[in-house]
There are 2 protein chains.
Amino acid sequence: MEDRSLLENINRHITLTENECALFLSLLKKKKIPRKNKLLTQGQLCDSIYFVDCGALRAFYLDVSGKESTIMFAVKDWWVTDMYCFINILPAMLTIEAIEESTVYQLKKNDLEKLYQTVPQFERFFRILMQNAYIREQLRVVQNLSMTAEERYDIFVKKYPEVANKVKQKQIASYLGITAEFLSMIKRKKL
Amino acid sequence: MEDRSLLENINRHITLTENECALFLSLLKKKKIPRKNKLLTQGQLCDSIYFVDCGALRAFYLDVSGKESTIMFAVKDWWVTDMYCFINILPAMLTIEAIEESTVYQLKKNDLEKLYQTVPQFERFFRILMQNAYIREQLRVVQNLSMTAEERYDIFVKKYPEVANKVKQKQIASYLGITAEFLSMIKRKKL
DNA sequence: TGTAAACCTTAAACTAGTTTATTTTTTTGT
DNA sequence: ACAAAAAAATAAACTAGTTTAAGGTTTACA
């Protein structure tokens, strides 16, 4: 078995029996996503959540004018989906794209619901997951409201150095809510 | 008993026995917060989460330069706390203030942990609560990144009309991440 | 290995939103 | 009901971040 990182991720918060582990693993489907391919495309029904085993992905919103806003990067050990559309089983607002070749475990909405019923501990696991996600997004809102682009850039690089090294500058800019040109200016100023 | 709105809030997502209900209610402490008083002050240990029975409150972050950023408004049926500091039992980063006289139910962190153990259904309840909170914040991030202040204002008024009518304009401005002066300009333009 | 495409930089003109200051209006506590 | 304080409006000068456009550099893949 080579699903260690996923099980470790789960064991950090709940304790499962052998059988429960086996059941959980049986619901997952391993997927390999080549670089630049999409795990989810805007408009397509979003019925799955994904755990990243390796690689790096980016979730972004494409507005009518063609501008991309990066919502999140997902690297090893992150869970990713378009949560709003996943929960309400709606066509996705977000697109999720592999920045580099990635391997993910897919868990379908129906199977997750089944899981909640047969192994209620997963309610706890996802409660903690959602809690952390909420806290993270709320912190980001505070920062977007109260800080300059430069401050936000510094914090981003400090908080996610592996991501900052891996992704394109224009993608970082679109995560920070600024243009690639302005980010370039910010960086020059630092030299 | 006059705790109907809280129990209805909970029954929307989980089903409790009489005993479980009674246990839950026994952990709550009703608090009346006069207008302009604080439920939580920046720097003070945040060990409770609150359910708003009536009234209206505002959670905001005060930065070093003295600028306030409104993180959320909480009216009837909302849960509110400084989630990051609540979860990690840290001094609060946020201040929560009553905009008008409000009544809340206080639930302490320790009691919530107890509740998770004795009535695991609450894991489900708070899983759903956190999920909704996450989705809400994520949507806000998308809007902050991709929309102008005017668009964000229109959406805010449409989404939370009761709040928009109740709170001061400068508080709405600080929720949108703009100055009160600029919001004033936006509104004039609409006439 | 070459070449097209994507990315990054630079810079000048521009604009959305800020700052500061003054006046008017509304709210509040007594 | 009144005085004081807080909030809202207006306006001019300013600045953080955008837009457009051009040139230079790296990346991808045929």
Side-chain angles (χ1 to χ4, degrees), chain A residues 33-38 55-56 58 60 62-70 73 97-101 143-157 163-191, chain B residues 33-38 55-56 58 60 62-70 73 97-102 141 143-157 163-191:
Chain A
I33 317 295
R35 184 164 173 279
K36 289 197 177 168
N37 278 44
K38 285 162 185 163
R58 182 174 74 101
F60 61 90
L62 187 69
D63 75 13
V64 282
S65 76
K67 197 175 88 177
E68 285 183 6
S69 299
T70 296
F73 297 103
E97 189 182 80
I99 289 170
E100 58 184 40
E101 186 180 76
Q143 289 172 0
N144 284 164
L145 296 185
S146 67
M147 294 179 179
T148 64
E150 184 172 358
E151 290 168 326
R152 273 143 52 208
Y153 173 68
D154 291 341
I155 289 176
F156 177 78
V157 171
V163 176
N165 281 332
K166 204 171 260 190
V167 309
K168 293 281 135 72
Q169 227 171 98
K170 62 185 280 198
Q171 297 173 340
I172 297 179
S174 91
Y175 178 91
L176 297 174
I178 58 177
T179 57
E181 290 84 356
F182 189 56
L183 180 52
S184 183
M185 267 188 59
I186 288 174
K187 291 183 74 179
R188 177 177 33 155
K189 222 185 58 182
K190 292 189 181 296
L191 302 181
Chain B
I33 317 295
R35 183 164 175 281
K36 290 195 177 170
N37 278 45
K38 285 163 185 165
R58 181 173 75 101
F60 62 90
L62 186 70
D63 75 14
V64 281
S65 76
K67 197 175 88 176
E68 286 183 6
S69 300
T70 296
F73 296 104
E97 188 183 81
I99 288 171
E100 57 185 40
E101 186 180 77
S102 304
V141 168
Q143 289 172 2
N144 284 163
L145 295 185
S146 67
M147 294 180 178
T148 65
E150 184 172 359
E151 289 168 325
R152 272 142 52 208
Y153 174 67
D154 292 341
I155 288 175
F156 177 78
V157 171
V163 177
N165 282 331
K166 202 171 263 190
V167 309
K168 293 280 135 72
Q169 227 171 97
K170 62 185 280 197
Q171 297 172 340
I172 297 178
S174 92
Y175 178 90
L176 297 174
I178 58 177
T179 59
E181 290 83 354
F182 189 56
L183 180 53
S184 181
M185 267 188 59
I186 288 175
K187 292 183 73 180
R188 177 177 34 154
K189 221 185 62 182
K190 292 189 182 296
L191 303 181

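Residue numbers begin at 1 in each chain, while the letters A, B, ... track the order of the sequences.
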J.: Decide if atom NZ of B:K189 counts as having more than 12 heavy atoms of other residues, nucleotides or ligands within a radius under 6.0 Å.
T.: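 Counting other residues, nucleotides and ligands, NZ of B:K189 stays at 12 neighbours or fewer.
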
J.: D:dA7 C1' sits how many Å from B:L183 CG, rounded?
T.: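 For the pair B:L183 CG and D:dA7 C1', the rounded distance is 12 Å.
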
J.: If we ignore hydrogens and angles and just use 3.5 Å, is the side chain of A:R35 paired with the main-chain N or O of A:A98 as donor and acceptor?
T.: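 Judged by distance alone, no pair lies under 3.5 Å.
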
J.: Which heavy atom in B:S174 sits nearest to a heavy atom in A:L145, and how many Å separate them?
T.: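 Looks like O-CD1, 3.8 Å.
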
J.: Tell me the interatomic distance from A:N144, atom CG, to D:dA16, atom C1', rounded to whole angstroms.
T.: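 So the CG-C1' distance, A:N144 to D:dA16, works out to 15 Å.
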
J.: Rounded to whole angstroms, how far apart are CD1 on A:I99 and P on C:dA6?
T.: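 Computing the A:I99:CD1 to C:dA6:P distance gives 17 Å.
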
J.: Specify the closest pair of heavy atoms between A:Q171 and A:T70, including all atoms of both residues, with the distance to one decimal.
T.: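 Smallest heavy-atom distance, with atoms named: O-OG1, 3.6 Å.
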
J.: Could you run through nucleotides 18-23 of chain D and give me one letter per nucleotide, 5' to 3': B if any protein heavy atom sits under 4.0 Å from the base, S if only the sugar-phosphate is that close, - if neither?
T.: BBB---

J.: Return the angle between end axes of the helix from C:dT9-D:dA22 to C:dT30-D:dA1, with five pairs used per end and rounding to 10°.
T.: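 The angle, to the nearest 10 degrees, is 60°.
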
J.: Charged N to carboxylate O below 4.0 Å: is that the case for A:E68 and A:R58?
T.: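 Counted as a salt bridge, because a side-chain N and a carboxylate O are separated by less than 4.0 Å.
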
J.: Which atoms form the tightest heavy-atom contact between A:A164 and A:I172, and what is the distance?
T.: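 For A:A164 and A:I172, the tightest heavy-atom pair comes out as O-CD1, 3.8 Å.
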
J.: Could you state the atom-to-atom distance from NZ of B:K36 to P of D:dA5 in whole Å?
T.: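 Distance check: B:K36 NZ to D:dA5 P gives 12 Å.
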
J.: From CD of B:E101 over to C1' of C:dT28, roughly how many Å is that when rounded to an integer?
T.: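 About 16 Å, once rounded to whole Å.
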
J.: Please state how far atom CD1 in A:I172 lies from atom P in C:dC8, giving the value in whole angstrom units.
T.: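 One finds 9 Å between P of C:dC8 and CD1 of A:I172, rounded.
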
J.: Does D:dA9 have OP1 or OP2 sitting under 4.0 Å from an N or O in the side chain of B:R188?
T.: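 Checking D:dA9 against B:R188, no side-chain N or O comes under 4.0 Å of OP1 or OP2.
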
J.: In whole angstrom, give the distance that lies between atom NZ of A:K190 and atom C1' of C:dT10.
T.: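 It works out to 18 Å between those atoms.
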
J.: Could you report the tightest heavy-atom contact between B:S146 and A:S69, atom names first, then the distance?
T.: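 That closest heavy-atom pairing would be CB-OG, 3.5 Å.
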
J.: For the side chain of B:S184, starting at C-beta, report the closest nucleotide among C:dG17, D:dT10, D:dA7.
T.: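 Shortest atom-to-atom distance from the side chain points to D:dT10.
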
J.: So does A:Q169 get a side-chain nitrogen or oxygen closer than 4.0 Å to the phosphate oxygens (OP1/OP2) of C:dT9?
T.: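 Yes.
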
J.: Is there a side-chain polar atom (N or O) of A:K170 under 4.0 Å from OP1 or OP2 of C:dC7?
T.: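 So the side chain of A:K170 is within the cut-off, an N or O lying under 4.0 Å from OP1 or OP2 of C:dC7.
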
J.: Start at the 5' end of DNA chain C and walk down; is the nucleotide closest to B:K168 or to B:I186 reached first?
T.: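 Result: B:I186.
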
J.: Is the closest basic N to carboxylate O distance between A:K166 and A:E100 below 4.0 Å?
T.: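 The answer is yes: the pair qualifies as a salt bridge.
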
J.: What's the OH-P distance between A:Y153 and D:dA16, to the nearest Å?
T.: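 Rounding to the nearest Å, OH of A:Y153 and P of D:dA16 are 19 Å apart.
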
J.: Over all heavy atoms of both residues, which pair between A:R152 and A:Q143 is shortest? Give the atoms and the distance, please.
T.: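 Answer, listing the atom of A:R152 first, then A:Q143: CD-O, 3.4 Å.
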
J.: As a test of reading the structure: which of C:dG17, C:dT27, D:dG17 is closest to the side chain of B:T148, going by heavy atoms?
T.: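 Nucleotide nearest to B:T148's side chain: C:dG17.
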
